[in-house]
Amino acid sequence: MAAERKRKRSGIEDVRDRKAKVIKDSGEKRHIAALILARGGSKGIPLKNIKMLAGVPLIGWVLRAAVDSKQFDSVWVSTDHDDIEKVAKAWGAQVHRRSPEVSKDSSSSLDTIQEFARLNPEVDVICHIQATSPCLHPFHLKEALEMITKQGFTSVFSVVRRHHFRWQEVKKGGSAATQPLNLDPSNRPRRQDWDGELCENGSFYVSTRALIQEGVLQGGRWAYYEMLPEYSVDIDVDIDWPVAEQRVLRFGYFGLDKPEVVRLLLCNVSGCLTDGRVLISVSGEEMVSVNTRDTMGIRMLQREGVEVILISSSEDLLTKALADNLSQRTGCEVRQLGKDIQCEVKAMMDDKDLDWKEVAYMGNDAPDVDCLNLAGLSAVPRDAPVVAINAAKYSCHSAAGLGAVREFSEHILLLKKKAKSQMEQDRIHRNTF
């Protein structure tokens, strides 16, 4: 019954939706756009929409899900802030630069969506995705949009089932007694005997252009799409952040490439394993500082069968003695690369018969951008420049030489563990059913 209830949808047909049904029946292709609203003036958490959550800008989680769903003709971010625009473009979105009239504290989401619709007349259906829902997956969007494209609904919104008993609020100083709103206290149901209530979780709202022009996001022949509670994360206040990070690491969407196939980590010495400083003694001997937490992280990967190679570019030459000492301390090969880092990394991968999805890369500056973009997993330390941060799939909380390599190593292992657990669940499911 629960499985049946999960897929069950409700809707009420309205006369004004006949046009939408005619379009559906005729097979005419409609332009479907994803739209994420990301104003820069968040009062609760400054620039919340691009604050790092589990190594990814908050808005990056929903953009990755939208792009990878392959359901949209275009993916947009509506913003009034330069930094948000840069992050949006780095994660594959087009940018709607909203006007000052819809960028005020008093402006509603509908105001901005209507402006976007006016400026983009080719768009027929808009899926408004909230940036504060980092556990959204591509399959959620695919299933919800099929309710529009295949079942003829004109608006679909996400909900979550809650089992909360609600009571009427009594204002402070009031003499009235509270009253139950959704239960009979003399006959309290057990959780398993109560279906609960459907509550909007704010992940997304899909609406046709006609509805938006009428000034509503929900109307016509409407329906809900039920999401499980573990995917219903909404970040409103700062105290939610650490809780959301744990949730997203467990239930978030990490991309099309499966992390369990990572077989090689390439890690820059300068600016990743070390803080970038080279100390020179009075006798001319060069020295660097290496954090024992980072070397332990490398050994953790090696124990799990991940090869680690330390790399150094022609601009950060290591002396042979220093390279030998690093190799001995970490148990890693140390390779000196030339100016064309991507070309030499590709040659290294070909020698080992590896694809990019099997490689994790940790860099720290502009010369690493190509490899950061191409690698299946990639990371930069906290103090890396913006150009590298925008290219990486994970941004460390730790700085270079102060645990960043350990943090990325743990991230890789966590994703591998998560993927293996999912594979085991799938195997059990197949054998059971």
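When reading the values below, keep in mind they use all heavy atoms of this one structure, side chains included, and skip hydrogens, waters and symmetry mates.
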Is H137 reaching over with its side chain to a backbone N or O of F139, donor-acceptor style, under 3.5 angstrom?
no
Interatomic distance, CD1@I389 vs CE@M52, rounded to 0.5 Å, equals 5.5 Å
To the nearest 0.5 Å, tell me how far Q342 CD sits from M349 CE.
9.5 Å
Does the plane of the ring in F408 sit parallel, tilted or perpendicular to the ring in Y394? Use 30° and 60° as the thresholds.
parallel
Ring centroid separation W222 to F153 under 6.0 Å:
no
Pairs satisfying ring pair (Phe, Tyr, Trp, His ring centres under 6.0 Å), at least one member in residues 53-75, at least two apart
W61-F254
What's the verdict on side-chain contact (heavy atoms from CB on, under 4.5 Å) for T132 and K48, showing C-alpha distance, side-chain angles and the deciding distance?
CA-CA 9 Å; T132 53; K48 171 180 65 178; 3.8 Å; yes
Atom pairs and distances, side-chain donor-acceptor, residues 84-95, under 3.5 Å, sequence neighbours left out:
residue	atom	partner	partner atom	Å
E85	OE1	R97	NH1	2.5
E85	OE2	K89	NZ	3.0

Closest contact, heavy atoms only, G363 versus N268:
CA-ND2, 3.5 Å
When you look at CG of D353, are more than 12 heavy atoms from neighbouring residues, nucleotides or ligands closer to it than 6.0 Å?
no
Who passes salt bridge (charged side-chain N to carboxylate O under 4.0 Å, His left out) against D73, sequence neighbours left out?
K29
4.5 Å side-chain heavy-atom contact, L228 and R161:
no
Does the side chain of L37 come within less than 4.5 Å of V77's, by heavy atoms?
no
For the CD1 atom of I298 and the CG atom of L273, what is their distance to the nearest 0.5 Å?
5.0 Å
Contact check, side chains of R162 and N201, non-hydrogen atoms, under 4.5 Å
no
Interatomic spacing from CE in M296 to CG in L301 - rounded to 0.5 Å
12.0 Å
Below 30° counts as parallel, above 60° as perpendicular, anything between as tilted: where do the rings of Y225 and H140 land?
perpendicular
Sub-3.5 Å donor-acceptor pair from the side chain of S155 to the main-chain atoms of G219, do we have one?
yes
H163 and W194 aromatic ring geometry - parallel, tilted or perpendicular at 30°/60° bounds:
perpendicular
Between R293 and E407 (salt bridge meaning N to carboxylate O under 4.0 Å), is one present in this structure?
no
Test item: H31 side-chain N/O and P121 main-chain N/O as donor-acceptor pair under 3.5 Å:
no
Less than 3.5 Å apart, which donor and acceptor atoms pair up between the side chains of residues 372-388 and the rest of the protein, not counting sequence neighbours?
residue	atom	partner	partner atom	Å
N373	ND2	V369	O	3.3
S378	OG	L372	O	2.9
S378	OG	K393	N	3.0
R382	NH1	H397	O	3.4
D383	OD1	A400	N	3.2

Compare every heavy atom of V62 with every heavy atom of Q130, then report the nearest pair and how far apart it is.
O-CG1, 3.6 Å
For T274 and V290: C-alpha separation, side-chain torsions, deciding distance, then whether side-chain contact (heavy atoms from CB on, under 4.5 Å) applies.
CA-CA 6 Å; T274 74; V290 178; 4.3 Å; yes
Between E169 and K171, does a salt bridge (Lys or Arg N to Asp or Glu O under 4.0 Å) hold up when you go through it step by step?
CA-CA 6 Å; E169 181 182 4; K171 298 298 183 181; 3.6 Å; yes
Should H96 and L119 be marked as a side-chain contact (heavy atoms from CB on, under 4.5 Å) after you check the CA-CA gap, both sets of side-chain angles, and the distance that decides it?
CA-CA 9 Å; H96 160 237; L119 296 174; 3.8 Å; yes
State, with a plain yes or no, whether a side-chain heavy atom of E307 is found less than 4.5 Å away from one of Q302.
no
Any sub-3.5 Å donor-acceptor pair from D368's side-chain atoms to D365's backbone N or O?
yes
In short, K357 meets V262 closest at the heavy-atom pair O-CG2, 4.2 Å
How long is the gap from CG on L47 to CZ on R39, to the nearest 0.5 Å?
11.0 Å
For a 4.5 angstrom cut-off between non-hydrogen side-chain atoms, does V206 reach V125?
yes
Could you go through the side-chain hydrogen bond (donor to acceptor under 3.5 Å, both in side chains) check for Y224 and E200 one step at a time?
CA-CA 9 Å; Y224 63 79; E200 293 183 20; over 6 Å; no
How far does SG of C267 sit from CG of N364, to the nearest 0.5 angstrom?
9.0 Å
Show the numbers, then the answer: is there a side-chain contact (heavy atoms from CB on, under 4.5 Å) between F116 and R98?
CA-CA 8 Å; F116 171 82; R98 64 172 69 179; over 6 Å; no
Does L402 reach the side chain of D294, with side-chain heavy atoms less than 4.5 Å apart?
no
Tightest non-hydrogen contact, residues I59 and A38, listed as CD1-CB, 3.8 Å
Any sub-3.5 Å donor-acceptor pair from E245's side-chain atoms to A54's backbone N or O?
yes
With sequence neighbours left out, what residues match T178 under side-chain contact (heavy atoms from CB on, under 4.5 Å)?
W167, Q168, V170
Is it the case that the side chain of S158 and the backbone of S203 share a donor-acceptor pair, with hydrogens and angles ignored and the cut-off at 3.5 Å?
yes
Are side-chain heavy atoms of I113 and H128 found at a separation under 4.5 Å?
yes
Which atom of I212 lies closest to which atom of Q114, heavy atoms considered
O-NE2, 2.9 Å
All salt bridge (charged side-chain N to carboxylate O under 4.0 Å, His left out) counterparts of E101, not counting sequence neighbours
none
From E197, E226, M227, residue fulfilling side-chain contact (heavy atoms from CB on, under 4.5 Å) relative to V159
E226
Could you go step by step and tell me if W76 and S78 meet the side-chain hydrogen bond (donor to acceptor under 3.5 Å, both in side chains) rule?
CA-CA 6 Å; W76 296 79; S78 174; over 6 Å; no
I'd like to check L136 versus I129 (side-chain heavy atoms, cut-off strictly below 4.5 Å). Are they in contact?
yes
So which heavy atom on L211 is nearest to which on T154, and how close?
CD1-O, 3.5 Å
